[in-house]
Amino acid sequence: MSQSVLLLPGDGIGPEIVAEADKVLRKVNDTFDLNLDFDTALVGGAAIDATGGPLPKETLDKARKADAILLGAVGGPKWDHLEMALRPEKGLLGLRSGLELFANLRPAILYPQLASASSLKPEVVSGLDILIVRELTGGIYFGQPRGERVLENGERQGFNTYVYSESEIRRIGRVAFEAARQRNGKLCSVDKANVLEVTVLWREVMNELARDYPEVELSHMYVDNAAMQLVRAPKQFDVIVTGNMFGDILSDEAAMLTGSIGMLPSAALNSEKQGMYEPCHGSAPDIAGQGIANPLATILSVAMMLRYSLKAEEAACAIEAAVSSVLDQGLRTADIMSADGRRVSTREMGEAVLAAL
Ligand code: IPM
Ligand code: MG
């Protein structure tokens, strides 16, 4: 039976990096006889320009039917003046919530070849292998009420609501405990339980879950401390579980530990393991169209897609090995360039991965 993959290139560098990842996916599709069908749709600013909205119904329908989705990136200055509900980012958030992709896995792994690309000392980051499990469909990103209002004194006020229900915390907690069990058995839950009630509940539910996972060692950390510990001694972490906004921030921080945010893939999964895969970086409008973006985060997202949604572990490993091999060859896009590296374009990097496959 065939499985279907929906490509959503989006904006900025999105189309350039998805083009390279697409070639890689088609190649393993042939080599490993995966029987994949491909389709493409519009999202974000590209969709706004073509249809007036960031998430056309056709895109959401196609996404619902797909076994897996590969998304490039959304957003850019061209659309920044639009009101919140019409911004490109709403396309991404609408896909996450529409498909209930609540579990966001963001691995931060340092490739040994890139130890010198990190802004931290090699001994602090070498061997780094962290998994951030970010809740993706709740918290302050989606809480109601939200908006902007005018107070009686005429002053404007902006407001958002930070809420989590028990079931939302429990289901992301389970994903994190399961992941920790399959790794080194260490889970750190990040909250702000010294100030925010919603995260007091978060902590309680994590403690309740811990009883079902005696083999996992659970610890708790306030988010400000976690941000500091990530740059002080990042290797103390194995799996981190946290809410939507803290996860957004900490995953960018963790990305830089690995040398470049251009190296970090991610998976957003629902309870049926249907998934949307995307690089952790954004649309990088400042370098779009120049052919210098790093396609490796998107290519590694394809590997995650093969592993989690398409059940093609062998193909996933082949892609990861190919990425490692191009780094061994010294090929570097601008973001990971080092003195002894050979600078390549987005396309050359993609071609090199294809060749290594
Ligand atoms: C991410 C991005 C998104 C987020 C933006 C583009 C809405 O920063 O995936 O981390 O905040 O979740
Ligand atoms: Mg982010």
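One-based numbering along the sequence shown.
Listed by chain and number, the residues in a side-chain hydrogen bond (donor to acceptor under 3.5 Å, both in side chains) with Thr161 amount to none (sequence neighbours excluded). Listed by chain and residue number, Ser2 satisfy the side-chain hydrogen bond (donor to acceptor under 3.5 Å, both in side chains) test with Asp37 (two or more places apart in sequence, or in another chain). With sequence neighbours left out, Pro54 forms a side-chain contact (heavy atoms from CB on, under 4.5 Å) with Ile48, Lys90. A search for salt bridge (Lys or Arg N to Asp or Glu O under 4.0 Å) contacts involving Arg181 returns Glu178, Glu215, not counting sequence neighbours. Taking Glu217 as the reference, nothing meets the side-chain hydrogen bond (donor to acceptor under 3.5 Å, both in side chains) condition, with sequence neighbours excluded. For the salt bridge (Lys or Arg N to Asp or Glu O under 4.0 Å) test, residues two or more places apart in sequence or in another chain that qualify with Lys62 are Asp39, Glu58. Every residue two or more places apart in sequence or in another chain was checked for a side-chain hydrogen bond (donor to acceptor under 3.5 Å, both in side chains) with Arg343, and none qualifies.
Judged as a salt bridge (charged side-chain N to carboxylate O under 4.0 Å, His left out), the pairs with a partner in residues 296-320 (not counting sequence neighbours) are, in order, Arg307-Glu313, Arg307-Glu320. Residue pairs meeting the ring pair (Phe, Tyr, Trp, His ring centres under 6.0 Å) criterion with at least one member in residues 46-87, sequence neighbours excluded, do not occur. Sorted by first then second residue, the side chain to side chain donor-acceptor pair (under 3.5 Å) pairs that include residues 94-105, not counting sequence neighbours, are Arg96-Glu278, Glu100-Arg171, Asn104-Arg106. Sorted by first and then second residue, the pairs that involve residues 182-221 and meet ring pair (Phe, Tyr, Trp, His ring centres under 6.0 Å), not counting sequence neighbours, are Tyr164-Trp202, Phe177-Tyr213.
Distance alone, capped at 3.5 Å, places no donor-acceptor pair between the Ser266 side chain and the Pro279 backbone.
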Considering only distance and modelled atom types, tabulate donor-acceptor pairs under 3.5 Å from the side chains of residues 124-132, sequence neighbours left out.
unit_1 : atom_1 : unit_2 : atom_2 : d
Ser126 : OG     : Pro122 : O      : 3.4
Asp129 : OD1    : Arg183 : NH1    : 3.3
Asp129 : OD1    : Arg183 : NH2    : 3.3

